[in-house]
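I have placed the structure first, in the form of structure tokens, so that the comments after it can refer back to it.
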Amino acid sequence: VQLQASGGGLVQPGGSLRLSCAASGFTVARASMGWYRQAPGRERELVASMSKSGAKNYGDFVKGRFAISQDNAKNTLILQMNSLEPEDTAVYSCNRGGIDWRGRYYSGVDWGQGTQVTVSS
């Protein structure tokens with residue numbers, strides 16, 4: 001199993017980025033997956049998750065700005081990020097995990113290497 005995240009970069013406040021997580025060794029459409037982020041000095045936090053049934057959940061801080069999706073033809077997990085704020089600056093990583101009995105995403109052992117997102121003017 002391999003996960004490779006890409007698409008990060010430097011963007012001005014209010015800008016957009018599209019992150020991709022290319023998967024190999026399993027089928028994204030049959031997995032529950034999530035995007036996490038970690039800023040310097042802060043704990044890693046869940047940004048968005050998508051279950052194998054297609055249910056989507058987002059961190060409260062997203063406030064409708066991000067969208068998680070799948071590109072099944074490319075076996076890739078996508079995170080479209082709009083209206084970016086300096087507080088969104090972090091390393092973003094993708095993960096294959098699962099959904100517990102409460103419907104909450106939990107992380108698994110498969111992680112991508114992360115892609116840096118910097119929001120600054």
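It should be emphasised that the depicted structure is a prediction, and the values quoted were computed from it without experimental measurement.
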What heavy-atom pair brings [X] and [Y] nearest, and what distance separates the two atoms?
X	Y	value
A39	A90	N-CB, 3.8 Å
G34	Y105	N-OH, 3.2 Å
S83	S16	N-OG, 4.4 Å

Under 4.5 Å between side-chain heavy atoms, chaining through other members, with only Ile, Leu, Val, Met, Phe, Trp and Tyr counted: pull out the rest of the cluster around [X], sorted by chain and number.
X	answer
V109	none
V91	none
Y106	none

Begin from the C-alpha positions of F61 and E45 and carry the test side-chain contact (heavy atoms from CB on, under 4.5 Å) through to its verdict. CA-CA 10 Å; F61 56 86; E45 59 184 349; 3.6 Å; yes
Applying ring pair (Phe, Tyr, Trp, His ring centres under 6.0 Å), which residue pairs with at least one partner in residues 64-102 are found, sequence neighbours left out? none
Minimum side-chain heavy-atom gap [X]-[Y] below 4.5 Å:
X	Y	value
S120	P86	no
V28	T76	no
I78	R18	yes
W35	L77	yes

Just how far is it from atom [atom1] of [X] to atom [atom2] of [Y], taken to the nearest 0.5 Å?
X	Y	atom1	atom2	value
N82	Q80	CG	CD	4.5 Å
L46	S107	CG	OG	8.5 Å
L3	S20	CG	OG	12.5 Å
E43	R37	CD	CZ	13.5 Å
I99	M33	CD1	CE	11.5 Å
Q12	S121	CD	OG	7.0 Å

Indicate yes or no for a side-chain donor-acceptor contact from [X] to the backbone of [Y] under 3.5 Å, with no hydrogens or angles considered.
X	Y	value
N75	A23	yes
T115	G8	yes
D110	R96	no

Run the side-chain hydrogen bond (donor to acceptor under 3.5 Å, both in side chains) test against [X] and tell me which residues pass, sequence neighbours left out.
X	answer
S53	S51
R65	D88
Y36	none
T118	Q116

Write out all pairs satisfying side-chain hydrogen bond (donor to acceptor under 3.5 Å, both in side chains) with one or both partners inside residues 25-34, taking only residues at least two apart or from two chains. none
When you look at CD of Q113, are more than 12 heavy atoms from neighbouring residues, nucleotides or ligands closer to it than 6.0 Å? yes
Can you list the residues that meet the side chain to side chain contact (heavy atoms under 4.5 Å, CB included) rule with R102, with sequence neighbours excluded? D100, R104
Who passes side chain to side chain contact (heavy atoms under 4.5 Å, CB included) against A48, sequence neighbours left out? Y58, I68, L79
Full working for side-chain contact (heavy atoms from CB on, under 4.5 Å) between V47 and V62: CA-CA 7 Å; V47 177; V62 170; 4.2 Å; yes
Applied to residues 44-121, the disulfide (SG to SG under 2.5 Å) test, sequence neighbours excluded, yields C21-C94
